[in-house]
Number of protein chains: 2
Amino acid sequence: MKMSSKARYGLYVSVELARRYNNQEIVTVSSLAQATGVTEKYLEQIIALMKKAQIVVSSRGANGGYKLTDEPSNISVGRILRAVEDNLQIVDCIHKDCANGCNCVSRNLWTKLQININSYLDTISLQQLLEDNL
Amino acid sequence: MKMSSKARYGLYVSVELARRYNNQEIVTVSSLAQATGVTEKYLEQIIALMKKAQIVVSSRGANGGYKLTDEPSNISVGRILRAVEDNLQIVDCIHKDCANGCNCVSRNLWTKLQININSYLDTISLQQLLEDNL
DNA sequence: ATTAATTCCTACTAATTTGCTAGGATTAGT
DNA sequence: ACTAATCCTAGCAAATTAGTAGGAATTAAT
């Protein structure tokens, strides 16, 4: 039960964008790659997931790049992680059918644990993460 | 961030042992395999982890098998999962050195999330899981 | 003693997932 | 036109997971 590198890098990227959020600065993938030490090509894929979840907005072409769609204090860490980490689900059977017909004793446990994790992550904003004020 | 099959099967096994805990019944792997639908050979490996964590005790030879070391109400789900799921750690860098010298902004987040997950799982006993009383 | 039933140990393998590389199409500013 | 950027998607290598397999060790029953 590990967080993927996408989750880790997604947070790096978000923090970096949060730092530069003032004055509508538009940030390129290449500068994010420099700041985080991850390759551009890989970051492109990660930030694409964030765009799909409307956490960032992009502008294409020369002078293009990305910026957050909202203030760092209005974006939760849970939202970011769910965007890049395939919904952050600890077991598939919460939303899909499982071999046991979805009524095994564990199901309820997984569901509650999932709720627990999500609610915790939703209470923490990107701003708080940036200030390390958790 | 998924639970492994070992985590899922480990809980099945535990619930089955909890059901048969009354009167010191000793349960064989083969009957656990029948009850859970998992192969004997794979369950052997999983239950070995539980033995190592002193959740079950074994008796060898003919008429041998396994039983819980304590009442189901005294064994937490967290303890079981940590035994079979390699400490249930969401990121390595909480306990190991990471490339960023262990002081990245996310580190504190992971630590707190980890504590959150463990404390939740530790509040739930095998007895509660069995009764689906979470 | 022999046999049968069981745990215990450990090596191997197949399938899946993850992490990343790569190439090029598309878009927009100068 | 040229350049700097996002966008799209295919592929691949490494790691991990999930499971198979064989047989040694142990013990109860006959």
Side-chain angles (χ1 to χ4, degrees), chain A residues 1-13 17 25-34 36-67 69 81 84-92 96 98-99, chain B residues 1-13 17 25-34 36-67 69 81 84-92 96 98-99:
Chain A
M1 193 172 137
K2 293 256 183 297
M3 285 286 169
S4 65
S5 68
K6 282 186 183 170
R8 287 182 282 118
Y9 298 163
L11 284 191
Y12 291 170
V13 163
L17 288 171
E25 185 179 351
I26 288 184
V27 184
T28 65
V29 166
S30 100
S31 91
L32 288 170
Q34 269 201 320
T36 62
V38 184
T39 65
E40 285 186 40
K41 284 297 191 181
Y42 196 29
L43 278 192
E44 274 180 8
Q45 292 172 23
I46 294 168
I47 209 165
L49 296 169
M50 292 173 60
K51 188 190 170 187
K52 209 168 146 196
Q54 295 180 297
I55 294 164
V56 297
V57 69
S58 70
S59 46
R60 304 188 62 177
N63 297 334
Y66 298 91
K67 63 176 185 184
T69 53
L81 290 177
V84 297
E85 176 94 18
D86 189 22
N87 273 341
L88 202 62
Q89 291 185 14
I90 56 171
V91 289
D92 286 333
K96 276 196 281 184
C98 69
Chain B
M1 193 173 138
K2 294 253 184 298
M3 285 287 169
S4 66
S5 68
K6 282 186 184 171
R8 286 182 283 118
Y9 299 162
L11 283 192
Y12 292 169
V13 162
L17 288 172
E25 185 179 351
I26 287 184
V27 183
T28 64
V29 166
S30 101
S31 93
L32 288 170
Q34 268 201 320
T36 62
V38 184
T39 64
E40 285 185 39
K41 285 297 190 180
Y42 196 28
L43 279 192
E44 276 180 7
Q45 292 173 24
I46 293 167
I47 209 165
L49 296 168
M50 292 171 61
K51 189 191 171 189
K52 208 169 146 195
Q54 295 179 298
I55 294 164
V56 298
V57 69
S58 70
S59 47
R60 304 187 63 176
N63 296 334
Y66 298 91
K67 64 177 184 183
T69 52
L81 291 178
V84 297
E85 176 96 18
D86 190 22
N87 272 340
L88 201 65
Q89 292 183 16
I90 56 171
V91 289
D92 286 333
K96 277 196 281 183
C98 69

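Side chains are part of it too, since the values below use all heavy atoms of this structure and drop only hydrogens, waters and symmetry mates. Below, chain A is the first sequence line, B the second, and so on; all start at residue 1.
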A:Ile26 CD1 to D:dA4 P, straight-line distance once rounded to whole Å: 17 Å
Distance in angstrom units between A:Met1 CE and D:dT16 C1', rounded: 17 Å
Atom pair distance, as rounded to whole Å: CG in B:Leu88 and C1' in D:dT17: 16 Å
Rounded distance in Å - NZ (A:Lys6) to C1' (C:dT21): 13 Å
Nearest heavy-atom neighbours spanning B:Leu17 and B:Tyr66: CD2-O, 3.8 Å
Shortest non-hydrogen contact from B:Met50 toward B:Gly10: SD-O, 4.1 Å
Whole angstrom value for the distance that separates P of C:dT6 from CG of B:Leu32: 12 Å
A:Tyr9 side chain near C:dT18 phosphate (N/O to OP1/OP2, under 4.0 Å): no
For the student: nearest non-hydrogen atoms of B:Val38 and B:Ala33, plus distance: O-CB, 3.1 Å
C:dT18 phosphate, OP1 or OP2, under 4.0 Å from A:Ser5 side-chain N/O: no
B:Thr69 side chain vs B:Ile55 backbone, donor-acceptor pair below 3.5 Å: yes
Nearest non-hydrogen partners of A:Met3 and A:Arg8, listed with the distance: O-NE, 4.5 Å
N or O in side chain of B:Ser58 less than 4.0 angstrom from C:dT6 OP1/OP2: no
Main-chain N/O of A:Ser4 paired with A:Glu85 side-chain donor or acceptor, under 3.5 Å: yes
Pairs touching residues 52-64 of chain A that satisfy side chain to side chain donor-acceptor pair (under 3.5 Å), sequence neighbours left out: A:Lys51-A:Ser58
B:Lys67 side-chain N/O to B:Val27 backbone N/O, donor-acceptor pair under 3.5 Å: no
Nucleic acid contacts - residues 37-49 of chain A versus DNA chain D, non-hydrogen atoms under 4.0 Å: A:Lys41, A:Glu44, A:Gln45
Residue-phosphate contact under 4.0 Å: B:Lys51 side-chain N/O, C:dC8 OP1/OP2: yes
Whole-Å gap separating C1' (D:dT17) and NZ (A:Lys2): 13 Å
Closest to side chain of A:Thr28, choosing from C:dG19, D:dT6, D:dA18: D:dT6
Please produce a list of atom pairs where a protein N or O lies less than 3.5 Å from an N or O of nucleotides 24-28 of chain D.
{"residue": "D:dA25", "atom": "N3", "partner": "B:Arg60", "partner atom": "NH2", "Å": "3.3"}
{"residue": "D:dT27", "atom": "O2", "partner": "B:Ala62", "partner atom": "N", "Å": "3.1"}
{"residue": "D:dA28", "atom": "O3'", "partner": "B:Asn63", "partner atom": "ND2", "Å": "3.1"}

Non-hydrogen atoms of B:Lys6 and B:Ile46 that approach each other most closely: CG-CG1, 3.8 Å
